[in-house]
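So the structure is just underneath, and the comments pick up after that.
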Amino acid sequence: MVLSLIISLITIIFVAVMLHQRRQRSNIPPGPPPRFMIGNFHQLKPLWTHSFSEWSKTYGPIISVWLGSQLAVVVSSSDLDKQVLRDKDNQLCNRHRTARMTQNGSDLIWSDYGPHYVKLRKLCTLELFSFKSIESYRFVREMEVRYMVRSIFMDLMSVSGDCQKPVMLRMYLTSVALNIVSRLVIGKTFEPKEGKELKSIVDKETRLPGATKLTWRRRVSSWFARDKVFMKHMARRKNWLRRAVMEEGYGERERKCFVQSLLVLKEKNETSEETVIGLVWNMLTAGADTMAIAIEWAMAEMIRNPNVQEKAQKELDSVVGSGRLMTEADIPKLPYLQCVVKEALRLHPPTPLMLPHKASGTVWLGGYKVPQGTTVYVNVQAIGRDPENWRNPDEFEPDRFQLDETDVKGQDFRVLPFGSGRRVCPAAQLSINMITLAIGNFAALLLLDFLYRAHRHGREAWISLLHEDSIAGISLLQAATKVLP
Ligand code: HEM
(Lines give C-alpha, C1' and ligand atoms only; values in the text may rest on other atoms or scores of the structure.)
Protein backbone atom coordinates (compact mmCIF):
# COMPACT_ATOMS: atom_id res chain seq x y z
CA MET A 1 0.00 0.00 0.00
CA VAL A 2 2.72 2.47 1.11
CA LEU A 3 4.94 1.36 -1.76
CA SER A 4 2.23 1.93 -4.37
CA LEU A 5 1.57 5.37 -2.85
CA ILE A 6 5.24 6.27 -3.14
CA ILE A 7 5.38 5.00 -6.73
CA SER A 8 2.28 7.03 -7.68
CA LEU A 9 3.76 10.13 -6.02
CA ILE A 10 7.06 9.74 -7.89
CA THR A 11 5.18 9.23 -11.17
CA ILE A 12 3.08 12.36 -10.59
CA ILE A 13 6.19 14.42 -9.79
CA PHE A 14 8.01 13.03 -12.83
CA VAL A 15 5.09 13.82 -15.17
CA ALA A 16 4.73 17.30 -13.65
CA VAL A 17 8.46 18.00 -14.19
CA MET A 18 8.30 16.73 -17.77
CA LEU A 19 5.21 18.84 -18.51
CA HIS A 20 6.85 21.90 -16.95
CA GLN A 21 10.01 21.36 -19.02
CA ARG A 22 7.97 20.87 -22.18
CA ARG A 23 6.05 24.10 -21.51
CA GLN A 24 9.36 25.84 -20.87
CA ARG A 25 10.72 24.55 -24.15
CA SER A 26 7.82 25.51 -26.33
CA ASN A 27 8.65 28.34 -28.70
CA ILE A 28 12.23 28.60 -27.49
CA PRO A 29 14.93 28.86 -30.17
CA PRO A 30 16.08 25.62 -31.87
CA GLY A 31 19.31 23.93 -30.86
CA PRO A 32 21.13 20.62 -30.45
CA PRO A 33 18.97 18.03 -28.64
CA PRO A 34 19.83 18.00 -24.92
CA ARG A 35 20.33 14.91 -22.73
CA PHE A 36 18.50 14.34 -19.48
CA MET A 37 20.19 16.21 -16.60
CA ILE A 38 23.39 17.18 -18.44
CA GLY A 39 21.73 19.03 -21.32
CA ASN A 40 24.38 19.78 -23.98
CA PHE A 41 27.38 19.81 -21.65
CA HIS A 42 28.73 16.61 -23.20
CA GLN A 43 28.83 18.20 -26.67
CA LEU A 44 30.57 21.42 -25.69
CA LYS A 45 34.14 21.91 -26.90
CA PRO A 46 36.59 23.39 -24.38
CA LEU A 47 36.07 26.71 -26.12
CA TRP A 48 32.31 27.15 -26.06
CA THR A 49 32.38 29.80 -28.74
CA HIS A 50 33.48 27.17 -31.28
CA SER A 51 30.52 24.89 -30.49
CA PHE A 52 28.10 27.82 -30.52
CA SER A 53 29.38 29.01 -33.91
CA GLU A 54 29.06 25.50 -35.39
CA TRP A 55 25.54 25.00 -34.04
CA SER A 56 24.50 28.40 -35.37
CA LYS A 57 25.38 27.19 -38.86
CA THR A 58 22.90 24.33 -38.44
CA TYR A 59 20.13 25.89 -36.34
CA GLY A 60 20.35 29.59 -37.26
CA PRO A 61 21.53 32.83 -35.64
CA ILE A 62 19.62 32.25 -32.40
CA ILE A 63 20.03 28.90 -30.65
CA SER A 64 19.14 27.19 -27.37
CA VAL A 65 21.83 25.35 -25.46
CA TRP A 66 21.15 23.49 -22.22
CA LEU A 67 23.89 23.80 -19.59
CA GLY A 68 22.55 21.08 -17.36
CA SER A 69 19.04 22.26 -16.54
CA GLN A 70 19.91 25.91 -17.22
CA LEU A 71 18.71 27.25 -20.57
CA ALA A 72 21.16 29.47 -22.44
CA VAL A 73 20.30 31.35 -25.62
CA VAL A 74 23.14 32.36 -27.94
CA VAL A 75 22.74 35.02 -30.61
CA SER A 76 25.16 35.34 -33.53
CA SER A 77 23.93 38.08 -35.85
CA SER A 78 24.08 41.85 -35.76
CA ASP A 79 20.27 42.14 -35.99
CA LEU A 80 19.86 39.99 -32.91
CA ASP A 81 22.69 41.53 -30.89
CA LYS A 82 21.01 44.90 -31.50
CA GLN A 83 17.85 43.44 -29.97
CA VAL A 84 19.73 42.06 -26.95
CA LEU A 85 21.97 45.03 -26.26
CA ARG A 86 19.84 47.95 -27.45
CA ASP A 87 16.13 47.35 -28.02
CA LYS A 88 15.58 44.93 -25.10
CA ASP A 89 18.60 45.93 -23.04
CA ASN A 90 16.41 46.86 -20.07
CA GLN A 91 15.09 43.27 -19.83
CA LEU A 92 18.43 41.60 -20.51
CA CYS A 93 20.96 43.58 -18.51
CA ASN A 94 21.07 41.42 -15.39
CA ARG A 95 23.91 38.96 -14.98
CA HIS A 96 23.78 35.21 -14.80
CA ARG A 97 25.81 34.31 -11.71
CA THR A 98 27.10 30.79 -11.61
CA ALA A 99 28.73 30.59 -8.22
CA ARG A 100 29.97 32.31 -5.11
CA MET A 101 33.01 33.17 -7.18
CA THR A 102 30.86 35.93 -8.62
CA GLN A 103 30.74 37.80 -5.28
CA ASN A 104 27.00 37.19 -4.93
CA GLY A 105 26.58 40.25 -7.11
CA SER A 106 28.05 42.70 -4.58
CA ASP A 107 30.68 43.87 -7.11
CA LEU A 108 30.20 45.58 -10.48
CA ILE A 109 30.67 42.81 -13.04
CA TRP A 110 28.25 40.32 -11.44
CA SER A 111 25.74 42.75 -9.97
CA ASP A 112 22.20 42.77 -11.35
CA TYR A 113 21.06 46.04 -12.84
CA GLY A 114 19.62 48.13 -9.98
CA PRO A 115 20.50 50.96 -7.55
CA HIS A 116 23.62 49.15 -6.23
CA TYR A 117 24.90 48.56 -9.77
CA VAL A 118 24.15 52.13 -10.89
CA LYS A 119 26.01 53.55 -7.87
CA LEU A 120 29.11 51.40 -8.51
CA ARG A 121 29.12 52.01 -12.24
CA LYS A 122 28.95 55.78 -11.68
CA LEU A 123 31.79 55.59 -9.17
CA CYS A 124 33.98 53.57 -11.56
CA THR A 125 33.20 55.85 -14.48
CA LEU A 126 34.09 58.98 -12.52
CA GLU A 127 37.11 57.69 -10.62
CA LEU A 128 38.69 55.31 -13.10
CA PHE A 129 37.47 55.68 -16.64
CA SER A 130 36.65 59.37 -17.12
CA PHE A 131 38.58 61.23 -19.82
CA LYS A 132 40.42 63.14 -17.05
CA SER A 133 41.42 59.98 -15.21
CA ILE A 134 42.56 58.19 -18.38
CA GLU A 135 44.64 61.22 -19.34
CA SER A 136 46.17 61.55 -15.89
CA TYR A 137 47.52 58.01 -16.12
CA ARG A 138 48.90 58.39 -19.60
CA PHE A 139 52.50 58.71 -18.35
CA VAL A 140 52.08 55.42 -16.42
CA ARG A 141 51.07 53.55 -19.58
CA GLU A 142 53.88 55.07 -21.59
CA MET A 143 56.44 54.29 -18.91
CA GLU A 144 55.27 50.69 -18.50
CA VAL A 145 55.20 50.02 -22.27
CA ARG A 146 58.70 51.43 -22.69
CA TYR A 147 59.94 49.38 -19.81
CA MET A 148 58.39 46.27 -21.37
CA VAL A 149 59.92 46.88 -24.80
CA ARG A 150 63.29 47.46 -23.17
CA SER A 151 63.12 44.26 -21.14
CA ILE A 152 62.11 42.19 -24.18
CA PHE A 153 64.96 43.69 -26.11
CA MET A 154 67.44 43.04 -23.31
CA ASP A 155 66.22 39.46 -22.99
CA LEU A 156 66.59 38.92 -26.72
CA MET A 157 70.11 40.31 -26.65
CA SER A 158 71.04 37.97 -23.85
CA VAL A 159 70.12 34.92 -25.94
CA SER A 160 73.50 33.51 -26.81
CA GLY A 161 74.93 31.70 -29.84
CA ASP A 162 72.63 29.60 -31.98
CA CYS A 163 70.04 29.24 -29.26
CA GLN A 164 66.57 29.77 -30.66
CA LYS A 165 64.92 30.44 -27.36
CA PRO A 166 61.42 31.75 -28.02
CA VAL A 167 60.30 34.95 -26.37
CA MET A 168 56.92 34.50 -24.76
CA LEU A 169 55.28 37.83 -25.42
CA ARG A 170 52.29 36.87 -23.29
CA MET A 171 54.43 36.87 -20.18
CA TYR A 172 55.54 40.47 -20.72
CA LEU A 173 52.12 41.63 -21.91
CA THR A 174 50.21 40.22 -18.95
CA SER A 175 52.61 41.77 -16.54
CA VAL A 176 52.54 45.20 -18.20
CA ALA A 177 48.72 45.15 -18.34
CA LEU A 178 48.51 44.08 -14.70
CA ASN A 179 50.97 46.81 -13.67
CA ILE A 180 48.91 49.45 -15.45
CA VAL A 181 45.62 48.31 -13.94
CA SER A 182 47.07 47.86 -10.46
CA ARG A 183 48.64 51.32 -10.45
CA LEU A 184 45.28 52.72 -11.50
CA VAL A 185 43.28 50.80 -8.94
CA ILE A 186 45.54 50.38 -5.93
CA GLY A 187 48.20 52.98 -6.64
CA LYS A 188 51.14 50.57 -6.81
CA THR A 189 52.43 47.52 -8.61
CA PHE A 190 52.57 44.16 -6.88
CA GLU A 191 55.69 42.75 -5.31
CA PRO A 192 56.93 39.67 -7.24
CA LYS A 193 55.66 37.37 -4.47
CA GLU A 194 52.20 39.00 -4.48
CA GLY A 195 52.08 38.83 -8.27
CA LYS A 196 52.94 35.13 -8.22
CA GLU A 197 50.19 34.40 -5.72
CA LEU A 198 47.70 36.42 -7.80
CA LYS A 199 48.61 34.43 -10.90
CA SER A 200 48.18 31.18 -9.04
CA ILE A 201 44.74 32.25 -7.74
CA VAL A 202 43.58 33.27 -11.21
CA ASP A 203 44.89 30.01 -12.71
CA LYS A 204 43.05 28.01 -10.07
CA GLU A 205 39.89 29.98 -10.76
CA THR A 206 39.84 28.97 -14.42
CA ARG A 207 39.84 25.34 -13.30
CA LEU A 208 36.91 25.69 -10.92
CA PRO A 209 33.35 24.68 -11.91
CA GLY A 210 31.82 27.24 -14.20
CA ALA A 211 35.10 27.81 -15.99
CA THR A 212 34.93 27.19 -19.70
CA LYS A 213 37.94 24.94 -20.11
CA LEU A 214 36.75 21.88 -18.21
CA THR A 215 35.78 18.59 -19.74
CA TRP A 216 32.09 17.90 -19.22
CA ARG A 217 32.81 14.99 -16.85
CA ARG A 218 34.94 17.19 -14.58
CA ARG A 219 32.40 19.97 -14.87
CA VAL A 220 29.56 17.76 -13.77
CA SER A 221 31.50 16.06 -10.95
CA SER A 222 32.93 19.31 -9.65
CA TRP A 223 29.43 20.79 -9.81
CA PHE A 224 28.46 18.58 -6.89
CA ALA A 225 31.60 19.40 -4.88
CA ARG A 226 31.36 23.08 -5.61
CA ASP A 227 30.51 24.43 -2.20
CA LYS A 228 33.62 23.08 -0.50
CA VAL A 229 35.93 23.97 -3.38
CA PHE A 230 34.54 27.46 -3.69
CA MET A 231 34.67 28.23 0.00
CA LYS A 232 38.35 27.29 0.11
CA HIS A 233 39.18 29.25 -3.01
CA MET A 234 37.23 32.31 -1.94
CA ALA A 235 38.96 32.37 1.43
CA ARG A 236 42.34 32.26 -0.28
CA ARG A 237 41.38 35.02 -2.70
CA LYS A 238 39.99 37.21 0.08
CA ASN A 239 43.10 36.78 2.22
CA TRP A 240 45.33 37.70 -0.65
CA LEU A 241 43.27 40.78 -1.46
CA ARG A 242 43.18 41.87 2.18
CA ARG A 243 46.94 41.52 2.45
CA ALA A 244 47.98 42.94 -0.90
CA VAL A 245 45.36 45.61 -1.33
CA MET A 246 43.83 46.73 1.91
CA GLU A 247 46.27 46.23 4.74
CA GLU A 248 49.67 47.10 3.43
CA GLY A 249 49.73 50.82 4.24
CA TYR A 250 47.21 51.89 1.71
CA GLY A 251 47.71 55.50 2.83
CA GLU A 252 51.24 55.54 1.42
CA ARG A 253 50.51 54.98 -2.26
CA GLU A 254 52.41 56.75 -5.07
CA ARG A 255 49.35 58.89 -5.78
CA LYS A 256 45.62 59.04 -5.18
CA CYS A 257 44.04 55.82 -6.35
CA PHE A 258 40.66 54.14 -6.69
CA VAL A 259 40.94 51.94 -3.62
CA GLN A 260 41.44 54.98 -1.40
CA SER A 261 38.12 56.46 -2.57
CA LEU A 262 36.49 53.07 -1.94
CA LEU A 263 37.90 52.83 1.56
CA VAL A 264 36.65 56.32 2.39
CA LEU A 265 33.15 55.15 1.35
CA LYS A 266 33.60 52.07 3.49
CA GLU A 267 34.58 54.14 6.52
CA LYS A 268 31.39 56.16 6.05
CA ASN A 269 29.46 52.88 5.91
CA GLU A 270 28.37 53.66 2.36
CA THR A 271 29.82 50.46 1.02
CA SER A 272 30.95 47.07 2.38
CA GLU A 273 34.33 45.37 2.48
CA GLU A 274 32.93 42.71 0.15
CA THR A 275 32.18 45.37 -2.45
CA VAL A 276 35.63 46.99 -2.12
CA ILE A 277 37.33 43.63 -2.54
CA GLY A 278 34.96 42.65 -5.35
CA LEU A 279 35.62 45.83 -7.32
CA VAL A 280 39.39 45.54 -7.03
CA TRP A 281 39.18 41.91 -8.14
CA ASN A 282 36.92 42.88 -11.04
CA MET A 283 39.42 45.38 -12.38
CA LEU A 284 42.50 43.20 -11.91
CA THR A 285 40.94 40.18 -13.62
CA ALA A 286 38.94 41.99 -16.32
CA GLY A 287 41.86 44.20 -17.26
CA ALA A 288 45.06 42.21 -17.45
CA ASP A 289 44.29 39.24 -19.68
CA THR A 290 41.97 41.01 -22.09
CA MET A 291 44.50 43.68 -23.01
CA ALA A 292 47.33 41.16 -23.24
CA ILE A 293 45.31 38.89 -25.56
CA ALA A 294 44.37 41.79 -27.83
CA ILE A 295 47.97 43.00 -28.17
CA GLU A 296 49.21 39.47 -28.74
CA TRP A 297 46.74 38.88 -31.57
CA ALA A 298 47.47 42.25 -33.18
CA MET A 299 51.17 41.35 -33.17
CA ALA A 300 50.52 37.85 -34.48
CA GLU A 301 48.48 39.23 -37.38
CA MET A 302 51.11 41.88 -38.19
CA ILE A 303 53.77 39.21 -38.40
CA ARG A 304 51.55 36.93 -40.48
CA ASN A 305 50.78 39.85 -42.80
CA PRO A 306 54.08 41.59 -43.65
CA ASN A 307 52.28 44.06 -45.95
CA VAL A 308 50.27 45.32 -42.97
CA GLN A 309 53.38 45.54 -40.84
CA GLU A 310 55.19 47.50 -43.55
CA LYS A 311 52.32 49.94 -43.95
CA ALA A 312 52.07 50.50 -40.18
CA GLN A 313 55.81 51.01 -39.92
CA LYS A 314 55.83 53.50 -42.79
CA GLU A 315 53.12 55.49 -41.06
CA LEU A 316 55.05 55.38 -37.79
CA ASP A 317 58.25 56.44 -39.55
CA SER A 318 56.59 59.47 -41.08
CA VAL A 319 54.76 60.57 -37.91
CA VAL A 320 57.14 59.54 -35.14
CA GLY A 321 60.44 59.21 -36.98
CA SER A 322 63.44 57.35 -35.60
CA GLY A 323 64.55 59.83 -32.93
CA ARG A 324 61.96 59.01 -30.29
CA LEU A 325 59.36 56.46 -29.23
CA MET A 326 55.69 56.69 -30.04
CA THR A 327 53.45 58.21 -27.36
CA GLU A 328 49.66 58.32 -26.95
CA ALA A 329 49.69 61.91 -28.23
CA ASP A 330 50.65 60.46 -31.64
CA ILE A 331 47.60 58.18 -31.89
CA PRO A 332 45.26 60.68 -33.65
CA LYS A 333 47.92 61.09 -36.36
CA LEU A 334 48.21 57.33 -36.91
CA PRO A 335 44.94 56.32 -38.63
CA TYR A 336 46.31 53.09 -40.10
CA LEU A 337 47.60 51.87 -36.74
CA GLN A 338 44.15 52.56 -35.29
CA CYS A 339 42.67 50.41 -38.07
CA VAL A 340 45.09 47.59 -37.20
CA VAL A 341 43.78 47.66 -33.62
CA LYS A 342 40.13 47.64 -34.75
CA GLU A 343 40.76 44.78 -37.16
CA ALA A 344 42.52 42.72 -34.45
CA LEU A 345 39.56 43.28 -32.11
CA ARG A 346 37.07 42.36 -34.85
CA LEU A 347 38.77 39.09 -35.72
CA HIS A 348 39.94 38.14 -32.22
CA PRO A 349 37.74 39.68 -29.53
CA PRO A 350 39.39 38.76 -26.20
CA THR A 351 35.99 37.90 -24.65
CA PRO A 352 34.35 36.15 -27.63
CA LEU A 353 31.02 35.56 -25.80
CA MET A 354 31.12 38.79 -23.80
CA LEU A 355 29.87 38.16 -20.26
CA PRO A 356 26.61 36.27 -19.69
CA HIS A 357 23.45 38.40 -19.47
CA LYS A 358 20.20 37.17 -17.90
CA ALA A 359 16.55 37.68 -18.85
CA SER A 360 14.72 39.41 -15.98
CA GLY A 361 11.34 38.48 -17.53
CA THR A 362 10.12 36.60 -20.60
CA VAL A 363 11.55 38.30 -23.71
CA TRP A 364 10.90 37.63 -27.39
CA LEU A 365 13.99 37.63 -29.61
CA GLY A 366 13.84 37.01 -33.36
CA GLY A 367 10.34 35.54 -32.97
CA TYR A 368 11.41 33.07 -30.24
CA LYS A 369 10.56 32.98 -26.58
CA VAL A 370 13.36 33.53 -24.10
CA PRO A 371 11.92 32.59 -20.68
CA GLN A 372 12.68 34.50 -17.50
CA GLY A 373 16.01 33.46 -15.96
CA THR A 374 17.56 32.36 -19.28
CA THR A 375 21.27 33.10 -19.71
CA VAL A 376 21.89 35.10 -22.87
CA TYR A 377 25.23 35.03 -24.68
CA VAL A 378 26.19 37.27 -27.60
CA ASN A 379 28.72 35.50 -29.82
CA VAL A 380 30.71 38.59 -30.79
CA GLN A 381 33.41 36.49 -32.40
CA ALA A 382 30.91 34.98 -34.87
CA ILE A 383 29.29 38.38 -35.48
CA GLY A 384 32.67 39.96 -36.27
CA ARG A 385 33.19 37.26 -38.91
CA ASP A 386 29.69 37.24 -40.37
CA PRO A 387 29.99 37.15 -44.21
CA GLU A 388 26.71 39.08 -44.38
CA ASN A 389 28.52 42.06 -42.90
CA TRP A 390 32.15 41.66 -43.84
CA ARG A 391 33.96 41.01 -47.13
CA ASN A 392 36.65 38.30 -46.71
CA PRO A 393 35.63 38.01 -43.06
CA ASP A 394 38.47 35.70 -42.03
CA GLU A 395 41.21 37.83 -43.54
CA PHE A 396 43.17 40.43 -41.59
CA GLU A 397 42.52 43.56 -43.65
CA PRO A 398 42.81 46.75 -41.57
CA ASP A 399 42.05 48.83 -44.68
CA ARG A 400 38.37 47.91 -44.37
CA PHE A 401 38.19 50.32 -41.42
CA GLN A 402 39.71 53.18 -43.40
CA LEU A 403 36.68 53.52 -45.63
CA ASP A 404 34.36 54.67 -42.85
CA GLU A 405 34.54 55.73 -39.23
CA THR A 406 33.45 52.35 -37.85
CA ASP A 407 33.26 52.43 -34.09
CA VAL A 408 34.36 49.43 -32.00
CA LYS A 409 33.23 50.80 -28.64
CA GLY A 410 29.60 49.69 -28.87
CA GLN A 411 27.92 51.86 -31.51
CA ASP A 412 28.30 49.56 -34.52
CA PHE A 413 26.51 46.24 -33.95
CA ARG A 414 28.67 44.40 -36.51
CA VAL A 415 31.73 44.63 -34.29
CA LEU A 416 31.33 44.59 -30.51
CA PRO A 417 34.55 43.55 -28.76
CA PHE A 418 33.55 45.65 -25.73
CA GLY A 419 29.82 44.83 -25.83
CA SER A 420 27.24 47.61 -25.98
CA GLY A 421 24.40 49.17 -24.00
CA ARG A 422 24.16 49.44 -20.23
CA ARG A 423 26.78 46.79 -19.51
CA VAL A 424 29.31 47.91 -22.14
CA CYS A 425 32.92 47.63 -20.96
CA PRO A 426 33.69 50.82 -19.06
CA ALA A 427 37.38 50.56 -19.97
CA ALA A 428 37.00 50.50 -23.76
CA GLN A 429 38.81 53.79 -24.41
CA LEU A 430 41.56 53.04 -21.90
CA SER A 431 42.12 49.63 -23.51
CA ILE A 432 42.20 50.98 -27.07
CA ASN A 433 44.79 53.59 -26.06
CA MET A 434 46.89 50.95 -24.37
CA ILE A 435 46.74 48.43 -27.23
CA THR A 436 47.57 51.08 -29.84
CA LEU A 437 50.47 52.36 -27.77
CA ALA A 438 51.87 48.87 -27.25
CA ILE A 439 51.73 47.72 -30.85
CA GLY A 440 53.00 51.12 -32.04
CA ASN A 441 56.05 50.70 -29.85
CA PHE A 442 56.55 47.11 -30.90
CA ALA A 443 56.13 47.81 -34.57
CA ALA A 444 58.38 50.86 -34.55
CA LEU A 445 61.16 49.50 -32.48
CA LEU A 446 61.13 45.86 -31.63
CA LEU A 447 60.46 44.18 -34.92
CA LEU A 448 62.83 46.31 -36.88
CA ASP A 449 65.62 45.74 -34.41
CA PHE A 450 64.71 42.11 -34.16
CA LEU A 451 64.90 41.62 -37.90
CA TYR A 452 68.13 43.54 -38.06
CA ARG A 453 69.66 41.48 -35.31
CA ALA A 454 68.51 38.21 -36.83
CA HIS A 455 69.83 39.26 -40.22
CA ARG A 456 73.17 40.35 -38.73
CA HIS A 457 73.65 37.07 -36.97
CA GLY A 458 72.68 35.19 -40.14
CA ARG A 459 70.34 32.90 -38.27
CA GLU A 460 66.67 32.39 -37.71
CA ALA A 461 64.91 34.39 -35.11
CA TRP A 462 61.71 33.29 -33.53
CA ILE A 463 59.04 34.90 -31.52
CA SER A 464 56.63 32.56 -29.86
CA LEU A 465 53.51 34.61 -29.81
CA LEU A 466 50.67 32.59 -28.55
CA HIS A 467 50.36 30.04 -25.87
CA GLU A 468 47.95 27.47 -24.70
CA ASP A 469 46.65 29.04 -21.57
CA SER A 470 44.44 31.76 -22.97
CA ILE A 471 41.28 32.73 -21.15
CA ALA A 472 39.67 34.05 -24.31
CA GLY A 473 40.27 30.70 -25.85
CA ILE A 474 42.78 31.32 -28.55
CA SER A 475 43.06 28.04 -30.37
CA LEU A 476 46.33 28.65 -32.10
CA LEU A 477 48.82 26.96 -29.85
CA GLN A 478 52.48 27.78 -29.55
CA ALA A 479 52.62 29.42 -32.94
CA ALA A 480 56.27 30.12 -33.35
CA THR A 481 56.47 32.64 -36.13
CA LYS A 482 59.42 32.98 -38.41
CA VAL A 483 60.28 36.61 -38.88
CA LEU A 484 63.25 36.53 -41.24
CA PRO A 485 62.56 38.48 -44.44
C1 HEM B 1 40.88 44.69 -24.81
C2 HEM B 1 40.45 44.89 -23.59
C3 HEM B 1 39.05 44.61 -23.10
C4 HEM B 1 37.99 44.01 -23.73
C5 HEM B 1 37.94 43.46 -25.15
C6 HEM B 1 36.88 44.02 -22.80
C7 HEM B 1 35.63 43.50 -23.08
C8 HEM B 1 34.56 43.52 -22.20
C9 HEM B 1 33.26 42.96 -22.47
C10 HEM B 1 32.84 42.26 -23.76
C11 HEM B 1 32.50 43.16 -21.37
C12 HEM B 1 31.06 42.67 -21.16
C13 HEM B 1 30.02 43.57 -21.76
C14 HEM B 1 28.63 43.02 -21.56
O15 HEM B 1 28.43 42.11 -20.77
O16 HEM B 1 27.69 43.51 -22.21
C17 HEM B 1 33.31 43.85 -20.40
C18 HEM B 1 32.86 44.26 -19.17
C19 HEM B 1 33.68 44.84 -18.21
N20 HEM B 1 35.01 45.20 -18.36
FE21 HEM B 1 36.10 45.02 -20.01
N22 HEM B 1 37.29 44.61 -21.64
C23 HEM B 1 38.61 45.00 -21.78
C24 HEM B 1 39.39 45.63 -20.84
C25 HEM B 1 38.99 45.99 -19.58
C26 HEM B 1 39.81 46.63 -18.60
C27 HEM B 1 41.26 47.08 -18.84
C28 HEM B 1 39.06 46.77 -17.47
C29 HEM B 1 39.42 47.39 -16.14
C30 HEM B 1 40.52 47.98 -15.82
C31 HEM B 1 37.74 46.24 -17.76
C32 HEM B 1 36.70 46.21 -16.87
C33 HEM B 1 35.44 45.73 -17.17
C34 HEM B 1 34.33 45.74 -16.21
C35 HEM B 1 34.39 46.26 -14.78
C36 HEM B 1 33.23 45.18 -16.88
C37 HEM B 1 31.83 44.94 -16.32
C38 HEM B 1 30.89 46.06 -16.73
C39 HEM B 1 29.47 45.84 -16.24
O40 HEM B 1 29.05 44.73 -15.99
O41 HEM B 1 28.80 46.85 -16.09
N42 HEM B 1 37.73 45.76 -19.05
N43 HEM B 1 34.57 44.07 -20.92
Side-chain angles (χ1 to χ4, degrees), residues 95 99-111 120-121 123-125 127-129 133-134 137 140-141 144 148 170-208 210-211 233-248 250 253-263 266 271 273-295 350-351 355 418 425-428 430-431 434-435 438 469-472:
R95 284 279 186 230
R100 293 209 180 90
M101 215 159 67
T102 54
Q103 328 278 341
N104 294 322
S106 62
D107 61 350
L108 180 74
I109 292 190
W110 299 108
S111 165
L120 294 189
R121 176 91 192 196
L123 185 75
C124 294
T125 307
E127 298 273 339
L128 276 179
F129 305 118
S133 169
I134 294 177
Y137 278 91
V140 168
R141 293 188 292 277
E144 287 286 345
M148 169 181 70
R170 170 64 69 88
M171 208 180 71
Y172 299 89
L173 293 173
T174 313
S175 118
V176 78
L178 184 66
N179 283 353
I180 285 168
V181 177
S182 61
R183 277 182 197 267
L184 193 72
V185 177
I186 61 167
K188 62 165 195 158
T189 54
F190 292 110
E191 300 295 323
K193 211 171 132 204
E194 290 170 338
K196 225 170 149 187
E197 172 72 351
L198 170 64
K199 190 176 176 311
S200 148
I201 297 173
V202 173
D203 284 352
K204 168 91 187 167
E205 206 145 297
T206 56
R207 294 194 304 270
L208 286 174
H233 180 78
M234 288 308 288
R236 182 178 173 209
R237 189 215 263 185
K238 205 169 182 170
N239 282 341
W240 179 83
L241 277 162
R242 277 216 183 105
R243 256 193 341 265
V245 178
M246 317 260 289
E247 280 168 11
E248 259 183 37
Y250 82 86
R253 302 292 150 103
E254 291 160 3
R255 47 186 283 154
K256 190 179 169 296
C257 65
F258 185 52
V259 89
Q260 283 170 324
S261 313
L262 290 176
L263 290 169
K266 187 179 155 272
T271 197
E273 184 187 277
E274 210 185 3
T275 296
V276 176
I277 285 186
L279 278 176
V280 171
W281 189 252
N282 281 173
M283 301 308 160
L284 294 178
T285 47
D289 264 333
T290 44
M291 287 201 286
I293 290 165
I295 299 166
T351 44
L355 292 171
F418 299 100
C425 176
L430 168 81
S431 307
M434 170 64 197
I435 300 165
D469 192 22
S470 157
I471 279 191

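- To the nearest 0.5 Å, atoms CG (Leu120) and OG (Ser106) are separated by 8.5 Å.
- Take Thr290 and apply the side chain to side chain contact (heavy atoms under 4.5 Å, CB included) test, not counting sequence neighbours, and it matches Pro350, Thr351.
- We find the NZ-CD1 distance between Lys196 and Ile201 to be 13.5 Å, quoted to the nearest 0.5 Å.
- Once rounded to the nearest 0.5 Å, the distance linking CG of Asn282 with CH2 of Trp110 reads 9.0 Å.
- Considering only residues two or more places apart in sequence or on other chains, Thr271 meets the side chain to side chain contact (heavy atoms under 4.5 Å, CB included) condition with Leu265, Lys266, Thr275, Val276.
- By the 4.5 Å heavy-atom criterion applied to side chains, Trp240 and Leu198 are counted as neighbours.
- With sequence neighbours left out, Ala427 forms a side chain to side chain contact (heavy atoms under 4.5 Å, CB included) with Phe129, Cys425, Leu430, Ser431.
- The two residues Ile435 and Ala294 make their nearest non-hydrogen contact at CD1-CB, 3.6 Å.
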For Asp107 and Trp281, run side chain to side chain contact (heavy atoms under 4.5 Å, CB included): C-alpha distance rounded to whole Å, both residues' side-chain angles, the deciding distance at 0.1 Å, then the answer.
-> CA-CA 9 Å; Asp107 61 350; Trp281 189 252; over 6 Å; no

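- In this structure the side chain of Val280 reaches within 4.5 angstrom of the side chain of Ile186, judged on heavy atoms.
- A 4.5 Å side-chain heavy-atom check between Ile293 and Arg170 finds at least one atom pair inside the cut-off.
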Could you go step by step and tell me if Met148 and Asn179 meet the side chain to side chain contact (heavy atoms under 4.5 Å, CB included) rule?
-> CA-CA 11 Å; Met148 169 181 70; Asn179 283 353; over 6 Å; no

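- Residues passing the side chain to side chain contact (heavy atoms under 4.5 Å, CB included) test with Lys238, sequence neighbours excluded: Arg242, Glu273, Ile277.
- Between the CZ atom of Arg121 and the CG atom of Leu108 there is a distance of 6.5 Å, given to the nearest 0.5 Å.
- To the nearest 0.5 Å, atom CE of residue Met234 and atom CG of residue Asn239 are 11.0 Å apart.
- Among residues two or more places apart in sequence or in another chain, the side-chain hydrogen bond (donor to acceptor under 3.5 Å, both in side chains) test is passed with Thr174 by none.
- The two residues Thr189 and Ser182 have their closest heavy-atom pair at CA-OG, 3.8 Å.
- Ile180 is listed as a side-chain neighbour of Met434, based on a closest heavy-atom distance under 4.5 Å.
- The shortest heavy-atom contact between Arg141 and Ile134 is NH2-O, 2.8 Å.
- Taking all atoms of both residues into account, the shortest heavy-atom contact from Ile109 to Arg95 is O-NE, 2.7 Å.
- Scanning for side-chain hydrogen bond (donor to acceptor under 3.5 Å, both in side chains) contacts around Glu197 gives Arg236, with sequence neighbours left out.
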